[in-house]
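Take a look at the structure set out below.
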Amino acid sequence: MKPEDPIAPNPTQALPGPEPESEPELKPEPEREDIAALAAFIRSNFVENLHVEDFVKETHLSKHHLIRLFEKQIGLSPYRYLHLCRVRRAELLLRDSEYQVAEIAYGVGYNSPTVLIRHFRAFFGTTPGEYRVKCRETE
């Protein structure tokens with residue numbers, strides 16, 4: 001890592017780069033304000049090491065009720081939504097930066113590149129490295 005590199009050694013610090021052009025398109029706006037607020041909380045804090053206890057604190061709902069309402073109104077579980085936010089940010093960084101996959105993984109909140117690769121493949125059907133190569137071929 002070069003000294004002038006903007007990536008801090010702290011793995012929870014977000015990488016600089018383009019912000020998503022839009023929020024993940026899922027279901028229409030949640031009917032409940034607490035669920036909408038939780039979705040916004042996840043979008044704003046996805047680089048942090050979030051746990052279900054953090055989601056419960058944000059909504060003041062029980063764990064099971066929270067997950068059920070979130071899935072009903074957003075279309076994904078809170079954890080799946082968290083991973084969606086992370087891989088969408090990784091997608092932009094892969095396309096528009098020169099950061100290595102490992103740097104991107106830590107910068108979007110994963111504790112290892114393997115975890116990013118697994119979730120990226122689940123959402124996009126390809127690995128981050130393959131995605132980057134395809135993006136560069138189309139330029």
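Side-chain atoms are counted along with the backbone in the values below, which use heavy atoms only and exclude waters and symmetry mates.
Not a single salt bridge (charged side-chain N to carboxylate O under 4.0 Å, His left out) links E137 to another residue, sequence neighbours left out. Checked against salt bridge (charged side-chain N to carboxylate O under 4.0 Å, His left out), D34 has the following partners two or more places apart in sequence or in another chain: R32. Listed by chain and number, the residues in a side chain to side chain contact (heavy atoms under 4.5 Å, CB included) with Q100 are E103 (sequence neighbours excluded). Residues meeting the side chain to side chain contact (heavy atoms under 4.5 Å, CB included) test with A40, sequence neighbours left out: R43. Residues passing the side chain to side chain contact (heavy atoms under 4.5 Å, CB included) test with H64: none are found, sequence neighbours excluded.
By the 4.5 Å heavy-atom criterion applied to side chains, I67 and P78 are counted as neighbours. The closest side-chain heavy-atom distance from C135 to L94 is not below 4.5 Å. Considering only heavy atoms from C-beta on, I104 comes within 4.5 Å of L116 through its side chain. At least one side-chain heavy atom of R68 sits under 4.5 Å from a side-chain heavy atom of H65. In this structure, L66 and K63 have side chains that are not in contact, with every pair of non-hydrogen atoms separated by 4.5 Å or more. Using a 4.5 Å cut-off on side-chain heavy atoms (C-beta onward), D54 and E58 make no contact.
Rounding to the nearest 0.5 Å places CD1 of I42 at 9.0 Å from CG of N45. Atom CZ of F70 is separated from atom CG of L76 by 7.5 Å, given to the nearest 0.5 angstrom. With rounding to the nearest 0.5 angstrom, the CZ atom of R89 is 13.0 Å from the CZ atom of R86. Atom NE2 in H60 sits 11.0 Å away from atom CG in L38 (nearest 0.5 Å). From K72, atom NZ reaches atom CD1 of I35 across 10.5 Å, with rounding to the nearest 0.5 Å. For the atom pair R118 CZ and T127 OG1, the distance stands at 14.5 Å (nearest 0.5 Å).
The nearest pair of heavy atoms linking T126 to K134 is OG1-NZ, 3.9 Å. In terms of heavy-atom proximity, P113 sits nearest to A105 at CA-CB, 3.6 Å. The two residues G107 and V47 come nearest to each other via the heavy atoms O-CG1, 3.4 Å. Scanning both residues, S97 and R132, for their nearest heavy atoms gives O-NH2, 3.1 Å.
Under a hydrophobic-cluster definition in which Ile, Leu, Val, Met, Phe, Trp and Tyr are linked whenever side-chain heavy atoms come within less than 4.5 Å, directly or via other members, F41 and V52 are assigned to the same cluster.
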> Would V56 and L61 satisfy side chain to side chain contact (heavy atoms under 4.5 Å, CB included), going step by step from the backbone distance to the final call?
Replying inline: CA-CA 6 Å; V56 168; L61 298 170; over 6 Å; no

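Checked against the 6.0 Å centroid criterion, the rings of F55 and Y79 qualify as a close aromatic pair.
Here R136 pairs with E98 in a salt bridge; the nearest charged N to carboxylate O distance falls below 4.0 Å.
Among residues at least two apart or in separate chains, ring pair (Phe, Tyr, Trp, His ring centres under 6.0 Å) pairs with a member in residues 118-139 are H83-H119, Y110-H119, F120-F124, F120-Y131.
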